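Computed from a predicted model, the values in this text were never measured in an experiment.
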Amino acid sequence: MSGPAGGTARASAATDVVCLGESMVTFLPSQPGRLADVPSFGRGIGGAESNVACALAAAGHRAAWVGRVGADGFGDHLVETIGGYGVDTSAVRRDPVRPTGIYFRTATDRGAGAHEVAYYRAGSAASAMSPANVPYEEVFAGRVLHLSGITAALSADCLELVRELTAPRPGRPLVSFDVNHRPHLWRGGAADASVLLELARRCDLVFVGEDEAEEAWGIVGAEAIRAALPEPSVVVVKRGSAGATVFSGLRPGPRSSNAGGAEVVTPVPALRVDVVAAVGAGDAFAAGFLSATLRGLPVRDRVRHGHLMAAAVLTVPGDLTEPPARDHADRLVALDDEAWGRLRLGPGWTAADRAPEEVRTP
């Protein structure tokens with residue numbers, strides 16, 4: 001995914017989605033192997049919320065990223081690169097004392113035993129975000145505010161900020177929350193995991209993986225996850241290769257769009273994908289689902305757009321890539337269940353001249 005040469009970008013019209021969180025400079029290995037053995041690294045960017053903002057901007061939405069970076073070259077790189085994707089970065093603040101976070105990772109799958117990640121984010125500029133230094137008028141300027149559990153884990157001030165942003169208030173935008181449980185960031189074990197559950201229950205739209213719900217909360221199965229999250233209008237349970245199950249809109253509660261009705265449960269199978277690197281797929285899925293939500297598409301189509309956006313990232317080495325053109329994605333989303341089940345996507349599938357039948361398996 002590419003954009004014009006950087007600088008601070010400001011949206012010229014009303015914002016669709018504001019994403020708040022830490023973005024870091026990431027160093028990608030030049031070859032497989034242990035971090036100790038990799039001779040060189042290529043520079044990229046990484047951050048759950050900024051990834052979502054970049055993907056949404058590439059999909060034609062007005063997206064903004066709110067964060068805090070150091071007054072250093074890595075901070076310059078983040079602001080310029082994210083702004084270059086068409087994301088509004090005007091609310092990003094520069095910290096004159098704390099550095100921009102960076103990290104290094106190996107080429108293996110995040111879930112593999114040999115996967116290594118070395119974070120240098122302790123004391124970062126982003127960890128100093130707090131209710132006192134974040135521009136609330138810009139954070140609440142969009143139709144949707146997207147947050148994740150990663151921000152809450154960075155520091156006590158960051159946790160206080162996320163609590164403030166998820167608190168009920170008049171005129172609050174739809175609050176989207178990706179649980180993004182990262183055990184290495186938390187120090188209190190089960191106590192901190194319960195904080196994630198508390199935060200998720202204060203939001204309108206929640207993304208959570210079956211695996212992380214079991215790891216963090218000891219909750220097994222999509223139905224049990226929904227039972228633990230009764231307040232959000234929409235809960236998206238990501239089930240890996242089995243796809244995703246969405247519980248939507250009809251739970252009793254102050255934010256329910258149709259309180260008192262029957263629960264709507266929508267399971268949607270995943271796609272078969274020839275994976276190049278399993279990094280950034282969760283952020284891309286959230287972006288695809290949010291994009292389709294902004295367009296008012298049915299729940300099934302929202303999930304399918306999430307799967308397609310994730311497939312675009314899974315078939316490239318980095319966290320970000322050019323998503324399929326909207327009409328291309330819409331054609332694939334409109335396939336019947338049998339045709340959708342036959343799809344197999346590999347590197348290059350997002351090319352604009354690819355027709356749906358060209359990416360089907362025999």
Among residues two or more places apart or on two chains, list those pairs meeting ring pair (Phe, Tyr, Trp, His ring centres under 6.0 Å) that have a residue in residues 36-65. F41-F104
Run the salt-bridge test on R295 and D301 with the 4.0 Å N-O cut-off and return the result as yes or no. no
Measure the shortest side-chain to side-chain distance between R300 and D337 over non-hydrogen atoms and say whether it is less than 4.5 angstrom. yes
Can you give me the closest heavy-atom contact between I225 and A213, atom names plus distance? CD1-CB, 3.6 Å
Given side chains that start at C-beta, do those of R331 and D327 come closer than 4.5 Å, heavy atoms only? yes
Which pair of heavy atoms, one from C54 and one from I82, lies closest together, and at what distance? SG-CG2, 4.0 Å
Which residues pass the salt bridge (Lys or Arg N to Asp or Glu O under 4.0 Å) test with D157, not counting sequence neighbours? none
When you measure from the side chain of T266 to the backbone of V299, do you find a donor-acceptor pair of N or O atoms at a distance under 3.5 Å? no
Is the distance between the ring centroids of H305 and F289 under 6.0 Å? no
Is it true that E22 and R68 make a salt bridge, defined as a side-chain N closer than 4.0 Å to a carboxylate O? no
Between D204 and S233, is the side chain to side chain donor-acceptor pair (under 3.5 Å) condition met? List the steps. CA-CA 5 Å; D204 305 297; S233 295; 5.2 Å; no
Evaluate the salt bridge (Lys or Arg N to Asp or Glu O under 4.0 Å) criterion for residues R34 and E116: first the C-alpha distance (whole Å), next the side-chain angles of each, then the deciding distance (0.1 Å), finally the verdict. CA-CA 7 Å; R34 302 182 309 153; E116 297 175 74; 5.8 Å; no
With sequence neighbours left out, what residues match R93 under side chain to side chain donor-acceptor pair (under 3.5 Å)? none
Between F177 and H146, is the ring centre distance below 6.0 Å? no
